[in-house]
Amino acid sequence: MDVIASLCKRRGFIFQSSEIYGGLNGFWDYGPLGTQLKRNIREAWWMDVVQRRDDVVGLDASIIMHPKVWEASGHVGGFADPMVDCKVCKKRYKADNFCEEQGQELIRTATGFALPPGLQCTSCGSKDLTEPRSFNLMFKTFVGPVEDGSSVAYLRPETAQGIFAQFSNVLDTSRQKVPFGIAQIGKAFRNEINPRNYTFRSREFEQMELEFFIKPGTDAEWHAYWVNERMKWYASIGLPSSSLHQDVHPKEKLAHYASACVDVQYDFPFGRQELEGIAARGNYDLSRHQEFSGKTLDYFNQETNERFVPHVVEPSAGVDRIALAILCNAYREEWIAKGKDEGAAGQVIEAELGKPAPEGYEARTVMRFHPRVAPIKVAVFPLLKNKPELVAKGREIFESLRSVWPCFWDVAGAIGRRYRRQDEAGTPYCVTVDFQTLQDDTVTVRERDSMKQERVAVKELDHLMWQRLR
Ligand code: GAP
């Protein structure tokens, strides 16, 4: 992770939030390449979950909603982690991790939690600890000028509730019929006690959530359908099936209203962890909002004369976690034969991390992003920056390509150095404009992974990129 985090900082994928002030734990900023990577993830999700389907529509709900939303959803009462404080040095711990680190298990009681004997503060060694106390993970704020109990509101801890709260309005305006879905991408906030593993567990993050409303009794088949769809989507953005896993929750561990839940997990360098949860949640959410709002949130099927509160299947994914998985999956260090690095088989070996390249080889770091998510799709280089005719021709090609794709223009340094910079950024194709271009209107197209070069007519470039970049 350290190697990947260092590349992310050096190349402008991810920075610590407010770094010049020492950072803020659990918050991250995305630099130019990271921003584009995240945009591509969102767009790929929106394309496959919304745009290419007849039965899903979009929503963009507000981050701060009526506080009753969170009472209905159960977040005010139940979205809490038990915490333990050291009474001497005041250090605060998440109770389950605190016990686990000392080889013990947190005890569940009828009313909450209790600590097993013999634990001590790992900071000062004191055994004077509080009993576990609940700590709500929602960020609180106040709406309006008066800061009292009546103006308390919360930053949403998930985007899903905005969808449930707008179920009727979307149904009435979109001409959809059950089964259909409402999709939303947006920020969510959780005051995580223990943000960790780089961006994996953050306090501000982004979710891509679909609530797919179905007829009661069809839950199992729609759940299986969405698990399958989501696994295909992960393959389409280049995450290999060998690194992805389905964690099927056993029935006894499901919430009382849920009939199935599968987590999609990825093998991160710090272990196997969740990217997305796909849950069949029955009609719990809509029923709770009916109860708390007093408004009817049911569906009337005119063909069969049936009225029911729809059940829901919810695939809920995290943009930041998917970005991190893509970064981890893409990272490679390779050794390539010096001087003749472009193409021929046998001249590339996978580097041993941390070791210098052997005699006759040089190291390259390459981000093998799938073209669908690569932040920059094509880089354009005029061979020499002091030849105006090469620069002008290069610029013409660049302007044409960048009206469709995110592109990069680089005139500085030897071509080999320019290739290396794009390898690190994960750019799938580099186009070089040379003297032959001026004679026959062809360019060199160099592919990132194989490093093979081919000569392509300028008029074929657009078509070639359409074929290869999607
Ligand atoms: N509406 C269901 C829901 O919010 P969740 O499992 O709590 O379910 C869904 O969150 C997804 O959101 C997770 O699979 C993960 O990708 C992302 N996520 C949750 N908490 C996160 C955090 N603290 N940092 C980054 N991503 C997070």
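Small disclaimer: the values here were computed from a predicted structure and weren't measured. Both ligands and their constituent atoms are indexed starting at 1 by order of listing. Position 1 is the first residue of the sequence, and the numbers go up from there.
- The contact set between ligand 1 and E276, taken as ligand atoms under 4.0 Å from a residue heavy atom, comprises 14 (O).
- Remark: D263 does not engage R272 in a salt bridge, criterion side-chain N to carboxylate O under 4.0 Å.
- Per-residue contacts place E274 under 4.0 angstrom from the following atoms of ligand 1 (heavy atoms of the residue considered): 6 (O), 13 (C), 14 (O).
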For residues 69-78, which side-chain N or O atoms pair as donor and acceptor with protein atoms under 3.5 Å away, sequence neighbours left out?
| residue | atom | partner | partner atom | Å |
| --- | --- | --- | --- | --- |
| S73 | OG | V69 | O | 3.4 |
| S73 | OG | W70 | O | 3.2 |
| S73 | OG | H75 | N | 3.3 |
| S73 | OG | H75 | ND1 | 2.6 |

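- The part of E314 lying near ligand 1 is the side chain, judged by heavy-atom distances below 4.0 Å.
- Per-residue contacts place A160 under 4.0 angstrom from the following atoms of ligand 1 (heavy atoms of the residue considered): 1 (N).
- No donor-acceptor contact under 3.5 angstrom links the side chains of E101 and N97, judged on distance only.
- The distance from ligand 1 to the heavy atoms of E158 drops below 4.0 Å at these ligand atoms: 1 (N), 2 (C), 3 (C), 4 (O).
- Distance from atom 11 (C) of ligand 1 to its nearest protein heavy atom, with residue and atom name: S316 O, 3.7 Å.
- S202 N, 3.0 Å is the protein heavy atom nearest to atom 24 (N) of ligand 1.
- Looking at T159 against ligand 1, nothing comes within 4.0 Å, counting heavy atoms.
- Among residue pairs with one or both ends in residues 86-96, those qualifying as side chain to side chain donor-acceptor pair (under 3.5 Å) are D85-R92, Y93-T122; sequence neighbours excluded.
- Scanning the protein for heavy atoms near atom 10 (O) of ligand 1, the closest one is Q207 NE2, 3.4 Å.
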